[in-house]
Amino acid sequence: MHRIAIDFSRRADVPATVLLDDPVQSGRAVDLLLDCARACADGAADMETGRSAVEPERLRLMLACAETCRAAAHVMILGVPHHRELCEAAAGLCEACVAAGADDDADECVAACRACAEACRNIVVH
């Protein structure tokens, strides 16, 4: 399988100044989005390398969640007003990841997705 390279870095020289009234909330959301992207990508990599059971549907879901969360975080950092749509998509994928991994509460992806989905839902409604 192909390895997917995703940049999870948050550039220190680019402030997380998104179009929200609460920069603390948006900064926390960016951090949770990047944490979630990392956790889902790592979990998918573990499946690909055989360190955990391969579930093709869950693998694709985790990769989609990782990429969407990464994109949502970076769009928020850029301050583009379309970040809410990406946050909504990220929340939906995070919730699907939680449902797919509901039997494994110790799963880092599931834990990260729970926190990320909540933060993203807060961004969408504000």
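Positions are given from 1, in the same order as the sequence printed here.
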Asker: Indicate the atoms forming the closest heavy-atom contact of A29 with M76, along with that distance.
Answerer: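 Closest approach of A29 to M76: CB-CE, 4.0 Å.
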Asker: Distance check, rounded to the nearest 0.5 Å: L61 atom CG versus C113 atom SG?
Answerer: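 Output value for this atom pair is 8.0 Å.
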Asker: Counting N and O atoms only, with roles assigned by atom type, does the side chain of H74 sit under 3.5 Å from a partner on the main chain of A71, one being a donor and the other an acceptor?
Answerer: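 Checked: no pair found.
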Asker: When rounded to the nearest 0.5 angstrom, what distance separates CG in D46 from CD in E108?
Answerer: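 Interatomic distance, D46 CG to E108 CD, rounded to 0.5 Å: 9.0 Å.
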Asker: Side chain to side chain contact (heavy atoms under 4.5 Å, CB included) with E118: which residues, sequence neighbours excluded?
Answerer: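 Side chain to side chain contact (heavy atoms under 4.5 Å, CB included) list for E118, sorted by chain: N122.
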Asker: Assess whether a salt bridge exists between R28 and D31, defined as any Lys/Arg side-chain N lying under 4.0 Å from an Asp/Glu carboxylate O.
Answerer: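 Salt bridge: no.
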Asker: What is the minimum heavy-atom distance between V75 and H82, and which atoms define it?
Answerer: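 Looks like CG1-C, 4.4 Å.
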Asker: How close do A44 and M62 get, counting heavy atoms only, and between which atoms?
Answerer: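 Taking every non-hydrogen atom into account, N-CE, 3.4 Å.
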Asker: Can you tell me which residue among L63, L59, D42 is in a side chain to side chain contact (heavy atoms under 4.5 Å, CB included) with M47?
Answerer: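 Of the listed options, the one satisfying the test is L59.
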Asker: Is there a path of hydrophobic side-chain contacts, each under 4.5 Å between heavy atoms of I/L/V/M/F/W/Y residues, joining I123 to L33?
Answerer: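 Yes, one cluster joins them.
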Asker: Locate the shortest heavy-atom distance separating G101 from V110; write the atom from each residue and the value.
Answerer: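 Looking at all heavy atoms of both residues, the closest pair is O-CG2, 3.5 Å.
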Asker: Before giving the answer on side chain to side chain contact (heavy atoms under 4.5 Å, CB included), spell out for C36 and C65 the whole-Å C-alpha distance, their side-chain angles and the decisive distance to 0.1 Å.
Answerer: CA-CA 8 Å; C36 186; C65 186; 4.1 Å; yes
Asker: Less than 4.5 Å apart, any side-chain heavy atom of S26 and any of H83?
Answerer: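 No, side chains not in contact.
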Asker: Do NZ/NE/NH1/NH2 and the carboxylate oxygens of R121 and E95 come within less than 4.0 Å?
Answerer: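 A salt bridge links R121 with E95.
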Asker: Is R114 paired with D107 through a side-chain N to carboxylate O contact shorter than 4.0 Å?
Answerer: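 Not counted as a salt bridge, because no side-chain N and carboxylate O are separated by less than 4.0 Å.
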Asker: Quick check: closest heavy atoms across C94 and C69, and the distance to 0.1 Å?
Answerer: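 Closest approach of C94 to C69: SG-SG, 3.7 Å.
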